[in-house]
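First comes the structure, then the notes that go with it.
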Amino acid sequence: MRLERWVYTIPLRFRSLFRRSKADQELDDELRDHVEQKTQEYVAKGLSAAEACRQALLELRGLERTKEDCRDARGVTWLHDLAQDLRYGFRILRKSPGFTTVAVLTLALGIGANTAIFTILNAAALRPIPVPNANKLVSISQNVRRANGPISRNVHDDAGFVSYSEYRLYARDNRAFSGLLAYSPFTETTLGTDKPQAVLGTLASCNYFDVLEIHPALGRFFTDADCSAPGESPSVVLSDSFWQRTLGGKRTIVGKTIVLNRTAFRVIGIAPPGFDGTLAVASSFWAPLTMQKAFNPDYDRLSDDNLSWLGMIGRLRSDISLKRAAADLSIVASRLNSRQPGRITTVMLEPATLLAMHSLRTPMLSIGALIMAAVGLVLLLACANIANLLLARAAGRRKEIAVRLASGATRGRLIRQLLAESLVLALIGGSTGALASWFSVAAIFRTAMLHLSIGREFVFSLNLSPGVLTWLFAFALSVATACCFGLAPALRASNADLTLAMKEEGAHSQSGSMNAGRLRNVFIGVQVAVCMLLLLVSGLFLRGLHRAETVNPGFRTQNIETVEFDLPIAGYTAERAAAFQRQLRERLAALPGIEAVAQASVIPLAHNYDVTGFSTPDGRTNYEVQYNCVSPEFFSLLGIQILAGRDFTEAETRTEAHVLILTRSTALRIWPNENSAGQLLEERFPKALRRAGIEWQVIGVAADAQVADLGESDTLYAYRPAGPEEQAQLNFLLRGKGWSADASKRIEAIVKDLDPTLPVTVAPLSQNLESWRAVSRVVSTVSVILGALALFLASIGIYGVVSYSVSRRVREIGIRMALGADNRTIMRLVLRQGMFPVTIGITVGAGLCACVSRILSQVLYGISPWDPLTFASTPLFLCAVALLAGYLPARRAMRVDPMVALRYE
Amino acid sequence: MSKPSELVQGTLDMLLLKILALEPVNDFAVSQRLNRVSDDVLRVSDGSLYPALHKLEQQGRITARVENVRERPAREILFAHATGPAAA
């Protein structure tokens, strides 16, 4: 249609929509006028007045029908019908408040939970970074390899990151971006105030804030002068929340200095409120990249060309598309390739979001998707329940539907009407759920994060307020849900046999409900299968949790305190660290009640690990082995037995002795048939480091202990003596008798006494165990809630269907009883038919679970994804619940009085 | 919606527009002229005429305007638009 015609038609459409009565009035007048004139014409031709009027009406082929056709011609009838249907649906639902409440609550729960998860995923992975014109920001990552395999490269934080020299080349030579920034996230530092504490910040290129186009709330941001030479200008920008929370929020802070890692930094500005960096983990401060050495005194990252440590974000020029930008950057990448023979560099561009970092995104998205799938299954269950309820209601409304069909409604029109009723239900449920999720999602997210991040200082900064996308998601989900539970019953109900339906007063026939019965059975089958799946998963998690709660980690955890600090970050050199460790060790050993003091570079179950590559002397097999540098007392303190060979000696820790103690399973893996004592292993380094291999001699075998991952005792693991070079990495383990509550305070005071600026964490070792259990506790709580919900919904479904079929078959049961069937026969009959779809559902559900449980194996502690106990007990449990749900209504069938039933018509 | 089955689709629309292009008239006059131009061969029933006129109006091809003609009651006069037939 041409544009100018819309000028005429749009007001007309509006008029027909909103001023319907006036338009109808005009139509009435028009047709009456026509009939009058026609009548006059016929009278003039000689017909009688009555005959003339009749003739005129005849030619119109019925006044009402013509009117209806004219209304149809307005082209807005469907909207009217929809409004009418929705109103009618609303009225019908109000008449059965019980059904409506159950259905709305079920849907609200399902849709609300899905919306909440979506809100979190949306905030993290879909929303642009909260800066102006964020749609022009692109996150750039790089993949480096060789034609025939991987390239040797050092990676810090993310493999997609680039080195400083690579960044400089990309920034200088690209033509697609008006600015290209680099950042190094998660820079851990020590803020030296009266009470030293660890803070997380970002190292940024000096154009960081210019590219993001944000302006300081106070002071200024970096200028080129701040990045002129490495280590020259210790300036820092603070985040608003860090400034307010930790530094008191005084405006006079600008121009003053704060101490980060023993280096005085001048505060030059405050970032605007709400900006916490370009990642989902909040950054407290930003310092120039060139100040990197202040944070890692031992490692000059700026000049390491083979280190991935910088993320890049570019602002596209206004006329450049993402594709052209990618092509442009690949030209720069080819320049990088020519510098290093054999290197192949691929550049990937994507819209910048808070989850741009792959190593952050993959776990978060997969966990989110898993939870969303589970919650989606519960929603599906709810749909099946409501569909069953609707089917039962449709049987009661057969008369009404038959009348509608008989008086000329088409099937499509009827389906639309029934779907509109479902839509009303889904929209009420959906909006309730969406509102509930809006109010609760932030709190739930905070609680979950609190439980999951014991001992870690991550602050997640996500904007969880609902946006257009969230509302659209909730709306689309509601509409999809309505179709999901409304379509099948609507198709069924509108396909009624008119004569049969009109003839029967009470709609008690058997023949008409055969199909509906089958449909109901399918719903029950689906429900039970989904329920089975969720129950099995939660059963597996529960077993995992039980295992995590009761597992013996293979080492002592009671009465042991850990003392952790990070000396390199605090600016210690190797010599200073050694002196500090010696002094601290003496002071700690003098504590009253102390039984043993040991040192280790990795505290057991502390979520961090060191890995190196070992190979057998023939060089044939390589092993990636986790290792821990420990003092000789380590094994006796933790109660880990030395099974063969010997412990380290004091002398070995004073020199750099290359001796190893392997765990039993590691020794068995490397030398299955030989004695491992005295064997040699060669440690190999990446070629880029140009270091010769070191030979290590195995001197002993220690018992397996789950020091790396709880639930796994067969991790490849080696112990090395803590020599002079490792002094800066060491932490303390203390075992004491009768520790009082203030023991940790006293230990802390001793550390403070030696170095008041060093942040230290003193905690019982059992807390590390706790942090492993927390994850499985949260996961199992969620899965148990979902499983219980699924069970509840499925039982309601089974109860409803059995009870409905009993009520429909009163007459049949009466006849059977009159012919001599006893109570047990009747019970068996009703239950057998009710349990048939349940059995199929259980089988299918168990099969499904066996397929998907492999995905779960990563979070199941020491439990096989096909754990026989779970797979045997859960179906039995579900069967028992299903039997009970069927038994309760089936009892009613036994109470049928044949006389009453036969008279019942 | 019923369509005049006795006519080739679109013929009725064109006839109506042709009549209204000659001279704006009211709906009754349209029905009279329709019968007259086709020498009573094309007998379009009034039941098909009105929905067709309404459709043309919705499509923006004709406009109804209320006018007082002498002492008779106010009535709608239909106008065909210049863009109408060309676009058809």
Side-chain angles (χ1 to χ4, degrees), chain A residues 1-17 22-42 44-45 53 55-79 81 408 410 413, chain B residues 1-6 9 12-13 16-17 20 25-36 40 42-69 72-88:
Chain A
M1 201 181 280
R2 281 199 193 169
L3 191 66
E4 59 251 47
R5 199 170 288 150
W6 287 103
V7 180
Y8 298 107
T9 54
I10 286 174
L12 277 168
R13 298 268 152 101
F14 269 104
R15 185 164 160 266
S16 346
L17 251 185
K22 182 145 193 296
D24 278 355
Q25 181 64 46
E26 280 173 18
L27 181 64
D28 262 0
D29 292 346
E30 193 179 331
L31 290 178
R32 204 179 332 105
D33 191 45
H34 173 90
V35 173
E36 270 171 27
Q37 287 195 43
K38 258 276 149 65
T39 312
Q40 281 174 21
E41 211 179 272
Y42 282 124
K45 281 185 183 164
C53 182
Q55 205 61 43
L57 283 175
L58 261 184
E59 264 181 41
L60 262 182
R61 294 195 302 194
L63 199 58
E64 284 311 316
R65 192 178 149 192
T66 309
K67 272 192 210 166
E68 201 52 51
D69 285 348
C70 290
R71 275 188 214 120
D72 277 349
R74 286 182 200 152
V76 288
T77 329
W78 65 273
L79 254 177
D81 289 349
T410 59
R413 178 78 189 77
Chain B
M1 194 173 78
S2 72
K3 288 201 175 73
S5 53
E6 64 268 39
Q9 286 232 318
L12 179 62
D13 287 359
L16 295 176
L17 289 170
L20 289 171
V25 284
N26 74 354
D27 44 17
F28 185 69
V30 172
S31 105
Q32 283 184 321
R33 280 168 203 217
L34 192 61
N35 290 338
R36 205 176 311 141
D40 283 334
L42 277 181
R43 286 200 58 89
V44 178
S45 82
D46 298 336
S48 311
L49 173 69
Y50 277 89
L53 284 174
H54 272 263
K55 206 173 87 207
L56 286 175
E57 190 183 356
Q58 282 299 326
Q59 287 170 352
R61 300 192 178 181
I62 62 175
T63 310
R65 201 178 294 160
V66 180
E67 278 183 12
N68 282 313
V69 185
R72 303 182 63 179
R75 92 161 20 133
E76 282 187 341
I77 304 295
L78 301 172
F79 294 85
H81 284 289
T83 56

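Order of the sequence lines sets the chain letters (A, B, ...), proteins ahead of strands, with each chain counted from 1.
Note that CG of B/Asn26 and CG of A/Asp33 are 7.5 Å apart. Values are rounded to the nearest 0.5 Å. Here the CG atom belonging to A/Leu31 is positioned 8.0 Å from the CG atom belonging to B/Asp27, to the nearest 0.5 angstrom. Atom-to-atom distance recorded for A/Asp69:CG and B/Lys55:NZ is 11.0 Å, nearest 0.5 angstrom.
Considering all non-hydrogen atoms of both residues, A/Cys70 and B/Pro51 come closest at SG-N, 3.6 Å.
By the salt bridge (charged side-chain N to carboxylate O under 4.0 Å, His left out) test, A/Glu68 pairs with A/Arg71, sequence neighbours left out. Partners of B/Gln32 under the side chain to side chain contact (heavy atoms under 4.5 Å, CB included) rule, at least two apart in sequence or in another chain, are A/Glu41, B/Phe28, B/Arg36.
When heavy atoms are compared at a cutoff of 4.5 Å, A/Leu58 does not approach chain B at all. Contact annotation for A/Leu27: only side-chain heavy atoms (C-beta onward) come within less than 4.5 Å of a heavy atom of chain B.
Residues B/Ser31 and A/His34 have side chains in contact (heavy-atom distance under 4.5 Å, counting atoms from C-beta outward).
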